[in-house]
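Written below as structure tokens is the structure these notes are about.
Side-chain atoms are counted along with the backbone in the values below, which use heavy atoms only and exclude waters and symmetry mates.
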Amino acid sequence: MGLPFRSLTMLLLLLLIWWSTSEAQTLRALDAILQDYAYRAFHRPRTGRPYDGVPPANLSGIQISALRLRSGSLFTRGVRQYKQFSIPVGVIGTPYVERLVLVYQNLGNWSTTYYPLPPGYMYLAPVLGLLAYDASNLSATNLEELDIYASEDPISIEFTQVQPVRDARCVWFDLDGRINFTKVVSGNKCLTYEQGHFSIVVESTAPSPAPVPQPHQGGGGKGWIIGGSVLGGVALLVLLALLILWVWRFNKRKKVHKMEKAADAGEALHMTAVGNTKAPAATTTRTQPSLETEYVP
Ligand SMILES: *[C@@H]1O[C@H](CO)[C@@H](O)[C@H](O)[C@H]1NC(C)=O
Ligand SMILES: *[C@@H]1O[C@H](CO)[C@@H](O)[C@H](O)[C@H]1NC(C)=O
Ligand SMILES: *[C@@H]1O[C@H](CO)[C@@H](O)[C@H](O)[C@H]1NC(C)=O
Ligand SMILES: *[C@@H]1O[C@H](CO)[C@@H](O)[C@H](O)[C@H]1NC(C)=O
């Protein structure tokens with residue numbers, strides 16, 4: 001049973017890797033669609049002015065915006081206010097491009113669909129994204145993000161609808177959806193030195209001092225989380241059932257194989273037993289004449 005268990009572990013590992021990469025790919029695909037639709041908001045755009053875009057109908061509820069800037073101006077002046085983001089001086093994009101576009105995303109009621117939280121956490125605000133792209137071709141699609149980082153003060157994100165809650169934490173997802181928690185500052189602000197997706201969360205078991213309004217969260221964070229964990233549980237059950245089926249079939253196949261082998265062995269013996277009685281007779285009768293003709297002078 002050593003080999004099947006080893007291959008079972010391998011299978012599980014592969015499934016896990018496949019699952020995590022496919023999740024990252026889903027997020028990359030969403031960012032690509034939103035980049036495309038945000039760029040469509042540009043018609044003879046003025047530099048330094050944000051333009052609100054319209055996402056595709058199947059993603060309604062998401063807000064997008066695009067702001068085109070000279071890299072030099074971003075570095076020397078920053079952007080005092082771009083939706084909920086305040087960008088200080090000293091932000092650098094790599095590789096260097098002359099002009100870049102900052103795409104803003106507010107995932108609204110899609111936050112938990114695309115960025116599910118670990119069990120026990122709930123969103124107090126929608127997930128907000130800030131991603132940088134090259135502005136040299138405004139009809140380009142599937143653009144790679146530029147790397148931007150704040151070389152002096154951090155970029156700050158203010159979640160205006162969030163009332164100060166004890167135990168609230170900022171959550172930050174990098175471009176592959178990897179999660180990191182940081183502390184909330186000034187009651188409802190998060191700080192970052194990089195681009196990505198951000199929100200404020202609280203452990204749902206922690207008592208919250210006041211009911212928190214969630215105007216952007218269609219069903220309320222808790223429902224989403226429960227929905228998410230139920231879905232996860234169902235997926236796990238299906239996986240388990242598949243594994244059990246697989247093990248069962250493996251064992252059955254092994255049993256059948258054993259039986260076949262035994263049958264083969266029996267049949268082979270039988271055949272040779274028959275052959276032993278028949279073959280000599282046949283060879284002697286068949287070869288004897290030739291032997292006779294050869295050896296008889
Ligand atoms: C939504 O629509 C866009 C554009 O029509 C499409 O590319 C995308 O695959 C659709 N589905 C999702 C889940 O975004
Ligand atoms: C979010 O709300 C919009 C309407 O504002 C709706 O069309 C969409 O289906 C909702 N998304 C989810 C994931 O419930
Ligand atoms: C801009 O991108 C579009 C879409 O990828 C492409 O068709 C077009 O040729 C590009 N224009 C330039 C000037 O590179
Ligand atoms: C999370 O962020 C902190 C502060 O930026 C950093 O030190 C830490 O390495 C990050 N952890 C992960 C897993 O990215």
Is there a path of hydrophobic side-chain contacts, each under 4.5 Å between heavy atoms of I/L/V/M/F/W/Y residues, joining [Y] to [X]?
| X | Y | answer |
| --- | --- | --- |
| Phe198 | Leu131 | no |
| Val101 | Leu130 | no |
| Leu59 | Tyr37 | yes |
| Leu67 | Tyr133 | no |
| Leu100 | Val103 | no |

Going by side-chain contact (heavy atoms from CB on, under 4.5 Å), name the residues that satisfy it together with [X], two or more places apart in sequence or in a different chain.
| X | answer |
| --- | --- |
| Thr76 | none |
| Ala140 | Asn137, Leu143 |
| Glu152 | Val89 |
| Arg28 | Asp31, Glu145, Leu175, Asp176 |

Check the pair Ile200 / Tyr123 against side-chain contact (heavy atoms from CB on, under 4.5 Å), numbers first and verdict last. CA-CA 6 Å; Ile200 291 191; Tyr123 281 116; over 6 Å; no
Considering all heavy atoms, the nearest [X]-[Y] contact:
| X | Y | result |
| --- | --- | --- |
| Val162 | Ala125 | CG2-CB, 3.7 Å |
| Ile62 | Leu30 | CD1-CD1, 4.5 Å |
| Gly53 | Ala41 | CA-CB, 3.7 Å |
| Gly196 | Trp172 | CA-NE1, 4.2 Å |
| Asn109 | Gly61 | OD1-CA, 3.9 Å |
| Ser111 | Gly108 | OG-O, 2.7 Å |

Run the salt bridge (charged side-chain N to carboxylate O under 4.0 Å, His left out) test against [X] and tell me which residues pass, sequence neighbours left out.
| X | value |
| --- | --- |
| Asp147 | none |
| Lys83 | Asp52 |
| Arg68 | none |

With side chain to side chain donor-acceptor pair (under 3.5 Å) as the rule and sequence neighbours excluded, what pairs involving residues 91-102 come up? Arg70-Glu98
Stepwise, does the side-chain contact (heavy atoms from CB on, under 4.5 Å) test hold for Ile157 with Leu128? CA-CA 9 Å; Ile157 310 123; Leu128 305 180; 3.8 Å; yes
Mind checking the [atom1]-[atom2] spacing from [X] to [Y]? Nearest 0.5 Å is all I need.
| X | Y | atom1 | atom2 | value |
| --- | --- | --- | --- | --- |
| Thr141 | Arg40 | OG1 | CZ | 8.5 Å |
| Ile87 | Leu69 | CD1 | CG | 7.5 Å |
| Leu27 | Arg178 | CG | CZ | 11.5 Å |
| Glu194 | Asp174 | CD | CG | 7.5 Å |
| Leu138 | His43 | CG | NE2 | 11.0 Å |
| Leu117 | Ile179 | CG | CD1 | 5.5 Å |

Who pairs with Phe173 by ring pair (Phe, Tyr, Trp, His ring centres under 6.0 Å), at least two apart in sequence or on another chain? Tyr115
Ring pair (Phe, Tyr, Trp, His ring centres under 6.0 Å) involving Tyr51 - partner list, sequence neighbours excluded: Phe42
Determine whether a donor-acceptor pair (N or O, by modelled atom type, separation under 3.5 Å) exists between the side chain of [X] and the backbone of [Y].
| X | Y | result |
| --- | --- | --- |
| Glu203 | Asp167 | no |
| Gln105 | Gln35 | no |
| Thr26 | Ser22 | yes |
| Tyr39 | Ala66 | no |
| Ser204 | Met122 | no |
| Ser86 | Arg80 | yes |

Please enumerate all residues that pass side-chain hydrogen bond (donor to acceptor under 3.5 Å, both in side chains) together with Asn188, with sequence neighbours excluded. none
Give the intermediate values and the outcome of side-chain contact (heavy atoms from CB on, under 4.5 Å) for residues Val184 and Phe159. CA-CA 10 Å; Val184 176; Phe159 294 89; over 6 Å; no
Min side-chain heavy-atom separation [X]-[Y] under 4.5 Å:
| X | Y | value |
| --- | --- | --- |
| Tyr149 | Ser151 | yes |
| Val171 | Tyr121 | no |
| Leu107 | Leu34 | yes |
| Pro126 | Trp110 | no |
| Val79 | Leu74 | yes |
| Val201 | Phe181 | yes |
| Leu16 | Trp18 | no |
| Leu191 | Ile155 | no |

Pairs meeting criterion disulfide (SG to SG under 2.5 Å) with involvement of residues 105-174, two or more places apart: Cys170-Cys190
Evaluate the side-chain contact (heavy atoms from CB on, under 4.5 Å) criterion for residues Ile92 and Ile148: first the C-alpha distance (whole Å), next the side-chain angles of each, then the deciding distance (0.1 Å), finally the verdict. CA-CA 5 Å; Ile92 298 169; Ile148 56 167; over 6 Å; no
Side-chain H-bond candidate by donor/acceptor type, Gln84 with Tyr104, under 3.5 Å: yes
